[in-house]
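Okay, structure first, notes after.
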Amino acid sequence: MEYQKILDDINAELKRESFGGKVANYIPELAQVDPDKFGIHLSTLDNGDYFIGCNKERFSIQSISKVFALTMAYPMLGEKLWKRVGVEPSGNPFNSLVQLEYESGIPRNPLINAGALVVSDVLVSNLKNPKHDFLRFVQKLAGNSTISYNEKVAESEKDTGYRNVALASLMKSFGNIENLVEEVLDFYFYMCSIEMSCKELSQTFLLYANHGKHFVSKERILNASQSKRLSAILLTCGFYDQAGEFTFKVGLPGKSGVGGGIAAVFPEHYSVAVWSPKLNKAGNSVLGMEVLERLTTKTGLSIF
Ligand code: GLU
């Protein structure tokens with residue numbers, strides 16, 4: 001497959017069209033990002049690397065970090081995890097409180113904010129030094145010890161993240177948060193502030209294209225069943241309440257973040273990451289979705 005040519009063609013097409021979207025501004029620090037940044041990186045399991053634009057520039061991965069948190073927490077609790085968080089698409093905005101109230105504090109899935117807060121609680125309970133240990137885990141997955149939190153972004157969200165405070169407090173009232181709400185939120189905000197480039201994200205996501213086995217070290221991070229389940233959650237819940245449309249148009253499991261990143265995998269073949277900060281109303285990168293729709297259309301390859 002001529003991935004580089006396909007990416008070049010997509011890039012040329014996109015330059016001829018104009019797209020809308022707005023940079024996330026509810027986290028003040030994210031509003032500072034240049035809206036026109038654009039990068040793509042595609043990594044194949046046979047060692048190919050193909051890219052366009054700012055593929056090496058780091059950005060705030062935000063909710064994409066929820067995938068790494070789940071990857072760490074799932075083997076710790078095993079199937080017991082699903083007693084505390086569901087596996088259904090929410091059909092609601094990622095930070096909605098309503099559903100959580102009438103579903104007794106059990107979030108619909110681990111990729112909406114409430115679900116990621118439960119996963120954060122699991123990590124806070126099971127790690128000696130949660131923020132440090134989680135970062136080391138992500139660095140190990142990425143094979144890169146320079147990956148780090150952006151404290152300014154984390155603190156900026158801590159100052160303004162009232163909905164997340166409300167979600168965590170509501171779940172605590174239902175008994176679904178074990179630790180202090182402040183401790184869980186502190187971990188969650190730092191987790192969301194991790195910065196990675198498209199290249200680093202795409203290489204890290206090869207884990208999910210490789211059924212849970214680390215692509216370089218060959219270490220098994222998730223067993224085959226866990227990897228299947230995690231990819232299923234990416235497919236059905238990875239794109240806020242636009243997961244149906246993303247699957248309809250793109251046909252790959254993946255995850256987006258309000259920093260404008262999207263990472264997706266074509267199992268047994270490749271992983272790909274795109275960054276463009278302008279978001280649609282659902283919170284997904286407008287250009288990111290365009291790129292991936294065109295990629296699976298032009299390659300004729302998707303999971304379907
Ligand atoms: N830190 C963001 C929040 O909690 C993550 C949102 C996202 O990327 O979906 O609101």
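Order of appearance sets the numbers: ligands from 1, and atoms from 1 within every ligand. Each residue takes its place number in the sequence, starting with 1.
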Side-chain (Asn109) to main-chain (Gly86) donor-acceptor, under 3.5 angstrom: no

Pair Lys298 + Glu2, salt bridge at N-O below 4.0 Å: no

Per-residue contact class, Cys192 against ligand 1 - non-hydrogen pairs under 4.0 Å: side chain

Asn164 N/O under 3.5 Å from ligand 1 N/O: yes

Ligand-side contact atoms (ligand 1) for residue partner Asn113, heavy atom cut-off under 4.0 Å: 3 (C), 4 (O), 10 (O)

For Val258, the ligand 1 atoms whose distance to one of its heavy atoms is below 4.0 Å: 6 (C), 7 (C), 8 (O), 9 (O)

Nearest-contact summary for atom 10 (O) of ligand 1 - protein heavy atom, Å: Tyr26 OH, 2.6 Å

Atoms in ligand 1 flagged as close to Tyr240, the criterion being non-hydrogen separation under 4.0 Å: 7 (C), 8 (O), 9 (O)

Numbering as shown, the atoms of ligand 1 that approach Ser63 to under 4.0 Å (heavy-atom distance): 5 (C), 6 (C), 7 (C), 8 (O), 9 (O)

Minimum-distance protein heavy atom relative to atom 4 (O) of ligand 1: Tyr188 OH, 2.6 Å

For ligand 1, the portion of Arg163 having any non-hydrogen atom under 4.0 Å away: neither

Aromatic plane relationship, Trp275 with Phe59 - under 30° parallel, 30 to 60° tilted, over 60° perpendicular: parallel

Geometric class of the Phe51/His41 ring pair [parallel <30°, tilted 30-60°, perpendicular >60°]: parallel

By side-chain hydrogen bond (donor to acceptor under 3.5 Å, both in side chains) - contacts of Glu57 (at least two apart): Lys37

Close-contact set for ligand 1 against Gly257 heavy atoms, below 4.0 Å: 8 (O)

Ring centers of Phe187, Phe134 separated by less than 6.0 Å: yes

Atom 3 (C) of ligand 1 [closest protein heavy-atom partner, distance rounded to 0.1 Å]: Glu157 OE2, 2.9 Å

Residue Gln62 vicinity, atoms of ligand 1 by number, heavy atom under 4.0 Å: 1 (N), 2 (C), 5 (C), 8 (O)

Aromatic ring pairing Tyr270/Tyr3, orientation class (parallel under 30°, perpendicular over 60°, tilted between): perpendicular

Ion pair check, Lys128 and Asp133, cut-off under 4.0 Å: no

